[in-house]
Amino acid sequence: MPELPEVETTLRGISAHLINSEVSHVEIRTEKLRWPFQEDMNFVLRGQVIRDITRRGKYLLVRCAGGTLIMHLGMSGSLRLVPPGVEPGPHDHFDLATNTGPVLRLTDPRKFGSLVWTEKAPEEHTLLKDLGPEPLEERFSADYLHQAIQRRKRAIKLVIMDSRVVPGVGNIYANESLFEAGIRPETKACDLTLEQCTQLVDAIKAVLARAIEAGGTTLKDFVGAGGRPGYFQQELKVYGRGGEPCVTCNTVLEETRLDNRTTVFCPTCQS
DNA sequence: ACTGGCTCCTGAGGGC
DNA sequence: TGCCCTCAGGAGCCAG
């Protein structure tokens, strides 16, 4: 479900309510999400003071005094703050209760999300150590991208969805960014010029920033931690619009599949 | 070093 | 109404 903007929206919604809280207990209501829960999850988390919550790509990092809870929302996950005592629904798999009141509740129908506790520096964890530079930071530049993709023969769309190259960009924002950059999704990555890399990097940064500003994209039922939906779906120019006219030139948008993911582009604006 | 295919899981929506 | 199919915001893992 969530790509970088939805995870960032979630982070902004929850962090102020949880920082400096102490974890009173956790409740696990399913055997496993992506992986089985580690058995001592309650033991290791109970009593931890939440120092900070940050984001790396699509991962949320709940940084505590004695370690870090690494969370990923998969395709269908979302996090909300609920008052203690609210009855869990069928897909509410995990609660983290705090001594200050709010309960952080993970809902995830498809169970592709993950929750991993680590006591070492999280950036060195297997899940995070190979991630590329944060797309909204300066290190993610045209020079970086041009260098990173020079030996990659796959379609540029697949390469920008590779978290080792750009973490945080999923199917929606890959489609949107390529439209904004005027580049066909199936173009071989190694064929991109430095000029095109500049346009693509600028487009990725701009699209992600606008989406964050709008509170993310709500397709089915994504809601931020405060229960508000995102509004970026109203600004989508190609994703979900195959067969409809291009917002720029009125050409009918083409829909194809790349690596089994729906891909939409304008055959006139993108070359 | 890179690629393609498979996998996990549930729900919604379309066709018959 | 029910059944069966395809598709959905992800990414780790493995063989080649």
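Protein chains get the first letters and strands the later ones, always in sequence-line order, with residue 1 at the start of each.
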If I take atom [atom1] in residue [X] and atom [atom2] in nucleotide [N], what distance separates them, rounded to the nearest angstrom?
{"X": "A/R261", "N": "C/dT6", "atom1": "CZ", "atom2": "P", "result": "18 Å"}
{"X": "A/K32", "N": "B/dT10", "atom1": "NZ", "atom2": "P", "result": "9 Å"}
{"X": "A/E186", "N": "B/dG4", "atom1": "CD", "atom2": "C1'", "result": "18 Å"}
{"X": "A/D259", "N": "B/dT7", "atom1": "CG", "atom2": "P", "result": "15 Å"}
{"X": "A/H72", "N": "C/dC13", "atom1": "NE2", "atom2": "P", "result": "13 Å"}
{"X": "A/L60", "N": "C/dA11", "atom1": "CG", "atom2": "P", "result": "13 Å"}
{"X": "A/N175", "N": "C/dG10", "atom1": "CG", "atom2": "P", "result": "11 Å"}
{"X": "A/L127", "N": "C/dG12", "atom1": "CG", "atom2": "P", "result": "6 Å"}

Practice prompt. Provide the Watson-Crick or G-U wobble partner of B/dT3, both distances under 3.5 Å; none if there is no partner.
Written response: C/dA15
Worksheet item: Across all strands shown, which nucleotide pairs with B/dC9 by Watson-Crick or G-U wobble geometry, both distances under 3.5 Å?
Response: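 Answer to the pairing question: none, since B/dC9 forms no Watson-Crick or G-U pair.
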Worksheet item: Within the distance-only criterion (no hydrogens, no angle test), does the side chain of A/R105 pair as donor or acceptor with the backbone N or O of A/V86 below 3.5 angstrom?
Response: yes
Item to complete: Verify, without hydrogens or angle tests, whether A/R184 (side chain) and A/P267 (backbone) share a donor-acceptor contact under 3.5 angstrom.
Response: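 Side chain of A/R184 to backbone of A/P267: a pair is present.
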Worksheet item: What is the nucleic acid contact for A/Y173, judged by heavy atoms within less than 4.0 Å: base, sugar-phosphate only, or nothing?
Response: nothing
Worksheet item: Base, sugar-phosphate alone, or nothing: which one does A/F232 contact when heavy atoms must sit under 4.0 Å apart?
Response: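 It contacts nothing in the nucleic acid.
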Worksheet item: Out of A/R210, A/Q199, A/Q270, which one pairs with A/E180 under the side-chain hydrogen bond (donor to acceptor under 3.5 Å, both in side chains) rule?
Response: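 Result: among A/R210, A/Q199, A/Q270, A/R210 is the only option passing the side-chain hydrogen bond (donor to acceptor under 3.5 Å, both in side chains) with A/E180.
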Worksheet entry | Test salt bridge (charged side-chain N to carboxylate O under 4.0 Å, His left out) applied to A/R164 and A/D162, step by step | CA-CA 5 Å; A/R164 289 166 305 183; A/D162 180 340; 2.9 Å; yes
Between [N] and [M], how far apart are the two [atom1] atoms, rounded to whole Å?
{"N": "B/dG11", "M": "C/dA11", "atom1": "P", "answer": "22 Å"}
{"N": "C/dC3", "M": "B/dC9", "atom1": "P", "answer": "23 Å"}
{"N": "B/dT7", "M": "C/dT6", "atom1": "P", "answer": "15 Å"}

Worksheet item: Considering only side-chain heavy atoms of A/T262, which listed nucleotide, C/dG9, C/dA8, B/dT3, is closest?
Response: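 Closest of the options to the side chain of A/T262: C/dA8.
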Worksheet item: Side chain of A/R151: nearest nucleotide among B/dC2, C/dG9, B/dT10?
Response: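 Looking only at heavy atoms from C-beta outward on A/R151, the closest nucleotide is B/dC2.
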When you check the phosphate oxygens OP1 and OP2 of [N], does a side-chain N or O of [X] lie under 4.0 Å from one of them?
{"X": "A/R34", "N": "C/dG12", "value": "no"}
{"X": "A/R110", "N": "C/dG9", "value": "no"}
{"X": "A/Y59", "N": "C/dG12", "value": "yes"}
{"X": "A/K58", "N": "C/dA11", "value": "yes"}
{"X": "A/R257", "N": "C/dT6", "value": "no"}
{"X": "A/H91", "N": "B/dG11", "value": "yes"}

Worksheet item: Would a 4.5 Å heavy-atom cut-off, applied to side chains only, mark A/P83 and A/V103 as touching?
Response: no
Discussion item. Quick check on DNA chain C: between A/T126 and A/F112, whose nearest nucleotide comes earlier from the 5' end?
Written reply: A/F112
Worksheet item: Is the A/F94 ring parallel, tilted or perpendicular to the A/F37 ring (thresholds 30°, 60°)?
Response: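 Taking A/F37 first and then A/F94, their aromatic rings lie parallel (interplane angle under 30°).
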